Trainee: 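Once you've had a glance at the structure underneath, I'll fire off some questions.
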2 protein chains.
Amino acid sequence: MENNLKNFSVSEKCPVRNVLDRFGDKWSILVLLVLGEVEKMRFNALHKTILDISQKMLTVTLRSLEADDLVKRTIYPEIPPRVEYEITERGKSLLTHIHNLTAWAEENMLDILESREKFKS
Amino acid sequence: MENNLKNFSVSEKCPVRNVLDRFGDKWSILVLLVLGEVEKMRFNALHKTILDISQKMLTVTLRSLEADDLVKRTIYPEIPPRVEYEITERGKSLLTHIHNLTAWAEENMLDILESREKFKS
DNA sequence: CGGAATCCCTTCAGATACTG
DNA sequence: CAGTATCTGAAGGGATTCCG
């Protein structure tokens with residue numbers, strides 16, 4: 001038992017954390033959820049869908065997802081330029097688990113908020 | 001379609017983010033994973049299992065999990081004091097989905113790391 | 001033993017301005 | 001249109017000290 005737990009000790013040696021940390025940020029899951037509902041989407045369309053993300057963070061998030069091959073980026077060398085984003089197969093396989101998580105969150109949200117209120121007092 | 005996407009727009013109105021943000025931090029999932037493998041565990045034992053967490057962050061994380069009723073905290077008024085933590089039923093139901101995610105992470109880790117390398121160049 | 005409180009540094013992320 | 005670059009305030013999180 002203790003030996004199994006040791007695996008969690010140091011972050012660099014834990015493969016799970018190495019990967020999960022990447023989309024454990026503020027926006028990655030959200031972007032993935034949006035891209036999971038469309039075929040392709042342009043940068044500005046994404047920005048309009050997620051109103052409270054800054055242009056900078058949207059770019060950073062998309063680059064990170066692209067690096068992990070969770071999202072594919074296609075540039076059309078036109079004038080004006082056009083860039084489209086779409087979810088990859090790997091992204092879809094992750095999204096399945098994300099959906100399970102969000103479903104759990106929706107089911108338990110009210111109870112959790114209630115627990116938080118009780119905890120304050 | 002567009003109408004569905006609007007739900008994601010503003011964070012305060014998105015129940016999912018409200019809940020997921022809470023354990024989207026650096027340590028919550030890890031603590032939950034550890035507590036999912038034992039019956040009960042004392043503070044110092046947890047600290048020894050997760051070597052690279054600070055005492056402060058362990059405390060903060062545990063309080064947060066306790067507030068959401070994902071973890072139960074029991075104080076034994078002895079000298080020296082003893083405090084034990086255990087996962088709740090709600091915590092276990094969440095852990096199921098976490099395990100699916102970590103399994104996915106383990107399966108895809110090598111490919112993802114490879115993608116990241118390619119992306120650099 | 002199991003914290004709480006404080007200090008302090010680093011990283012995150014928003015606003016703004018500029019560019020191919 | 002789809003970014004990049006820079007600046008800056010806010011937040012996260014570590015180290016240390018103190019306490020019941």
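Because the structure is a prediction, the values reported are computed rather than measured. Naming convention: chains lettered A, B, ... in sequence-line order (proteins, then strands); numbering from 1 in each chain.
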Trainee: On DNA chain C, nearest-nucleotide positions of B:Arg42 versus B:Lys56: which is more 5'?
Mentor: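 Of the two residues, B:Arg42 wins.
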Trainee: Taking the side chain of B:Asn44 as heavy atoms from C-beta outward, which of C:dG20, C:dG14, C:dC1 is closest to it?
Mentor: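 Of the candidates, C:dC1 comes closest.
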Trainee: In this structure, how many angstroms lie between the P atom of C:dG2 and the CD atom of B:Glu84, rounded?
Mentor: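 So the two atoms are 9 Å apart, to the nearest Å.
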Trainee: State which residue, out of B:Ile87, B:Leu35, B:Val83, fulfils the side-chain contact (heavy atoms from CB on, under 4.5 Å) condition with B:Met41.
Mentor: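 The single option meeting the side-chain contact (heavy atoms from CB on, under 4.5 Å) with B:Met41 is B:Leu35.
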Trainee: Nearest to the B:Arg73 side chain among C:dG3, D:dG14, C:dC1, which nucleotide is it?
Mentor: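 Of the candidates, C:dG3 comes closest.
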Trainee: Quick check for you: among C:dG14, D:dG3, C:dG3, whose closest atom lies nearest to any side-chain atom of B:Val83?
Mentor: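 Within the option list, the nearest is C:dG3.
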Trainee: Using atom CG of B:Asp25 as one end and atom C1' of C:dT11 as the other, report the distance to the nearest whole Å.
Mentor: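 For the pair B:Asp25 CG and C:dT11 C1', the rounded distance is 15 Å.
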Trainee: Using whole Å, what does the distance between atom P of nucleotide C:dG3 and atom CD1 of B:Ile79 come to?
Mentor: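 Whole-Å distance recorded here is 15 Å.
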Trainee: Reading DNA chain D from 5' onward, which residue's closest nucleotide shows up sooner: A:Phe43 or B:Lys26?
Mentor: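 Looking at the nearest nucleotide for each, A:Phe43 comes out on the 5' side.
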Trainee: Mind checking whether B:Leu113 and B:Trp104 sit in one hydrophobic cluster, side chains of I, L, V, M, F, W, Y counted as touching below 4.5 Å?
Mentor: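 Same cluster: B:Leu113 reaches B:Trp104 through Ile, Leu, Val, Met, Phe, Trp or Tyr contacts under 4.5 Å.
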Trainee: Let me know the distance between CG of A:Leu51 and P of C:dG14, rounded to the nearest Å.
Mentor: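 Between P of C:dG14 and CG of A:Leu51: 13 Å.
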Trainee: Is the closest basic N to carboxylate O distance between B:Glu114 and B:Arg116 below 4.0 Å?
Mentor: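 No salt bridge links B:Glu114 with B:Arg116.
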Trainee: What is the distance from CZ of A:Arg82 to C1' of D:dG3, rounded to the nearest Å?
Mentor: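 In whole Å, D:dG3 C1' lies 16 Å from A:Arg82 CZ.
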Trainee: Can you measure A:Glu78 atom CD to C:dG20 atom C1' for me and round it to whole angstrom units?
Mentor: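 Rounded to the whole Å, the gap is 15 Å.
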Trainee: Check whether NZ of the Lys or CZ of the Arg B:Arg82 lies under 6.0 Å from the centre of the six-membered ring of B:Tyr76 and within 45 degrees of that ring's axis.
Mentor: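 Yes.
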Trainee: Which listed nucleotide (D:dA2, C:dG14, D:dT4) is nearest to the side chain of A:Met57?
Mentor: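 Nucleotide nearest to A:Met57's side chain: C:dG14.
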Trainee: Distance check needed: D:dA15 C1' versus B:Ile53 CD1, whole Å only.
Mentor: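 The answer, rounded to whole Å, is 15 Å.
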Trainee: Any side-chain N or O of B:Arg63 under 4.0 Å from OP1/OP2 of C:dA4?
Mentor: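 Answer yes for this pair, as a side-chain N or O of B:Arg63 is under 4.0 Å from OP1 or OP2.
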Trainee: D:dC1, C:dG14, C:dG3: which one has an atom nearest the side-chain heavy atoms of B:Gln55?
Mentor: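 The closest nucleotide is C:dG3.
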Trainee: Nearest whole angstrom, please: distance from the P of C:dG2 to the CD of B:Glu66.
Mentor: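 Atom-to-atom, B:Glu66 to C:dG2, this comes out as 15 Å.
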Trainee: Are A:Leu46 and A:Ile75 grouped together when hydrophobic residues (ILVMFWY) are joined by side-chain heavy atoms under 4.5 angstrom apart?
Mentor: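 In one cluster: yes.
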Trainee: For C:dC1 and B:Tyr85 - does any side-chain N or O of the residue sit under 4.0 Å from the phosphate oxygens OP1/OP2?
Mentor: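 Result: no.
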